[in-house]
Participant: 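Next up is a structure, given as structure tokens.
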Amino acid sequence: MLRFKILASSIPLVLVAMFAGGGLTPAAQPCIAIGGVAVQLATAPWQAQSYVAFTEDPARATVRVRIVETPETADFTVADDVDNASETGCGATAATRLIGVTAGISVSEPVIYLSRDGEADYRIYVASSRVTPRDAAALIVGANGGHRRIAAAAL
């Protein structure tokens with residue numbers, strides 16, 4: 001009987017926690033459209049079709065992404081200037097490519113070194129309350145298949 005009382009008293013707490021955290025629908029994930037194809041961060045690891053990883057060691061990186069201070073110097077810019085996320089034109093469809101971020105480094109997946117200085121294959125500018133620099137780096141590298149930019153790779 002005591003177990004039933006504990007279970008019955010915990011159900012309202014679970015419901016309150018679920019709705020306080022944003023309800024039953026997941027928050028919109030960062031998404032970009034490239035060449036008519038939407039690329040979005042996966043909400044769960046098993047959804048992703050390709051993966052990227054991050055490292056703190058520049059020697060282990062396959063792609064370097066630099067966070068810059070102005071949008072004019074960036075290759076990829078993210079800014080919160082849209083009131084409604086549905087107005088961005090990047091709705092998820094069956095053709096949406098999902099990118100996942102792994103904790104471990106794999107030889108077959110791009111490994112990103114994210115920094116504020118030094119040489120870079122991509123330069124990003126992020127002024128957002130919803131998208132982190134890591135999200136933006138994962139999107140741009142994942143959207144390009146993990147390859148370095150041609151101009152940067154030739155250096």
Side-chain angles (χ1 to χ4, degrees), residues 14 16-153 155:
V14 170
V16 168
M18 198 167 34
F19 285 110
L24 297 173
T25 59
Q29 290 295 319
C31 175
I32 60 175
I34 295 179
V37 176
V39 180
Q40 181 176 347
L41 290 180
T43 56
W46 60 86
Q47 295 174 328
Q49 293 141 339
S50 59
Y51 295 90
V52 298
F54 287 88
T55 183
E56 297 294 323
D57 181 6
R60 296 184 75 189
T62 59
V63 181
R64 294 171 188 242
V65 179
R66 181 177 170 196
I67 303 167
V68 296
E69 300 298 321
T70 61
E72 296 81 22
T73 59
D75 300 313
F76 181 60
T77 300
V78 178
D80 286 344
D81 61 352
V82 178
D83 293 333
N84 185 351
S86 65
E87 294 176 11
T88 61
C90 191
T93 66
T96 301
R97 283 186 40 215
L98 297 174
I99 308 296
V101 178
T102 64
I105 294 176
S106 170
V107 177
S108 62
E109 305 298 339
V111 179
I112 303 168
Y113 176 67
L114 186 62
S115 69
R116 294 195 176 272
D117 55 349
E119 293 182 23
D121 302 304
Y122 297 99
R123 294 177 309 269
I124 62 171
Y125 172 80
V126 180
S128 174
S129 60
R130 297 178 296 231
V131 179
T132 67
R134 282 178 60 101
D135 292 341
L139 275 175
I140 193 66
V141 171
N144 289 309
H147 302 293
R148 295 177 181 219
R149 290 185 340 161
I150 294 171
L155 294 177

Participant: Could you report the tightest heavy-atom contact between V63 and P110, atom names first, then the distance?
Facilitator: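 That would be CG2-CB, 4.5 Å.
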Participant: Ignoring hydrogens and angles, tell me if any N or O in the side chain of Y125 forms a donor-acceptor pair with the backbone of A79 under 3.5 Å.
Facilitator: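 Flag not set: sc Y125 to bb A79 has no pair under 3.5 Å.
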Participant: I'd like to know whether T62 forms a side-chain contact (heavy atoms from CB on, under 4.5 Å) with V141, so could you lay out the CA-CA distance, the side-chain angles of the two residues, the decisive distance to 0.1 Å, and finally the verdict.
Facilitator: CA-CA 10 Å; T62 59; V141 171; over 6 Å; no
Participant: With sequence neighbours left out, what residues match T73 under side-chain contact (heavy atoms from CB on, under 4.5 Å)?
Facilitator: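 Here the qualifying residues are V68, T70.
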Participant: State, to 0.1 Å, how close F54 and A137 come at their nearest heavy-atom pair, and which atoms those are.
Facilitator: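 For F54 and A137, the tightest heavy-atom pair comes out as CE2-CB, 4.0 Å.
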Participant: May I ask you to test the V39-L139 pair for a side-chain heavy-atom distance under 4.5 Å?
Facilitator: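 Answer yes - side chains close enough.
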Participant: When you look at T132 and V126, which way does the side-chain contact (heavy atoms from CB on, under 4.5 Å) test go after all the steps?
Facilitator: CA-CA 7 Å; T132 67; V126 180; over 6 Å; no
Participant: What closest approach, in Å, do Q49 and T96 show between heavy atoms, and which atom pair accounts for it?
Facilitator: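 Heavy atoms of Q49 and T96 come nearest at OE1-O, 3.6 Å.
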Participant: Any Lys/Arg nitrogen of D121 or R64 sitting under 4.0 Å from an Asp/Glu carboxylate oxygen of the other?
Facilitator: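 Here D121 does not pair with R64 in a salt bridge, since their nearest N and O are not under 4.0 Å apart.
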Participant: For the residue pair R116 and R66, what are the closest heavy atoms and their distance?
Facilitator: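 For R116 and R66, the tightest heavy-atom pair comes out as O-NE, 3.5 Å.
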Participant: Roughly how far, to the nearest 0.5 Å, is the CD atom of Q40 from the CZ atom of R97?
Facilitator: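 The CZ atom of R97 sits 12.5 Å away from the CD atom of Q40.
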Participant: Tell me if a side-chain donor or acceptor on E109 pairs with a main-chain N or O of V52 at a distance below 3.5 Å.
Facilitator: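 Here the side-chain-to-backbone pair does not exist.
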Participant: Please round to the nearest 0.5 Å and tell me the distance separating atom CD1 of I140 and atom CG of D135.
Facilitator: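 So the CD1 of I140 and the CG of D135 are separated by 13.5 Å.
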Participant: Just do the side-chain contact (heavy atoms from CB on, under 4.5 Å) check on Y122 and N144 with the steps written out, would you?
Facilitator: CA-CA 11 Å; Y122 297 99; N144 289 309; 3.4 Å; yes
Participant: Atom CD of E56 and atom CG of L114: how far apart are they, to the nearest 0.5 Å?
Facilitator: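 Rounded to the nearest 0.5 Å, the CD-CG separation comes to 8.5 Å.
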Participant: Take I124 and V78, measure what side-chain contact (heavy atoms from CB on, under 4.5 Å) needs, and give me the verdict at the end.
Facilitator: CA-CA 8 Å; I124 62 171; V78 178; over 6 Å; no
Participant: Can you list the residues that meet the salt bridge (charged side-chain N to carboxylate O under 4.0 Å, His left out) rule with E72, with sequence neighbours excluded?
Facilitator: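 Applying salt bridge (charged side-chain N to carboxylate O under 4.0 Å, His left out) to E72 gives none.
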Participant: Looking only at atom types and distance, does a side-chain atom of S50 sit under 3.5 Å from a main-chain N or O of I99, one as donor and one as acceptor?
Facilitator: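 Here the side-chain-to-backbone pair does not exist.
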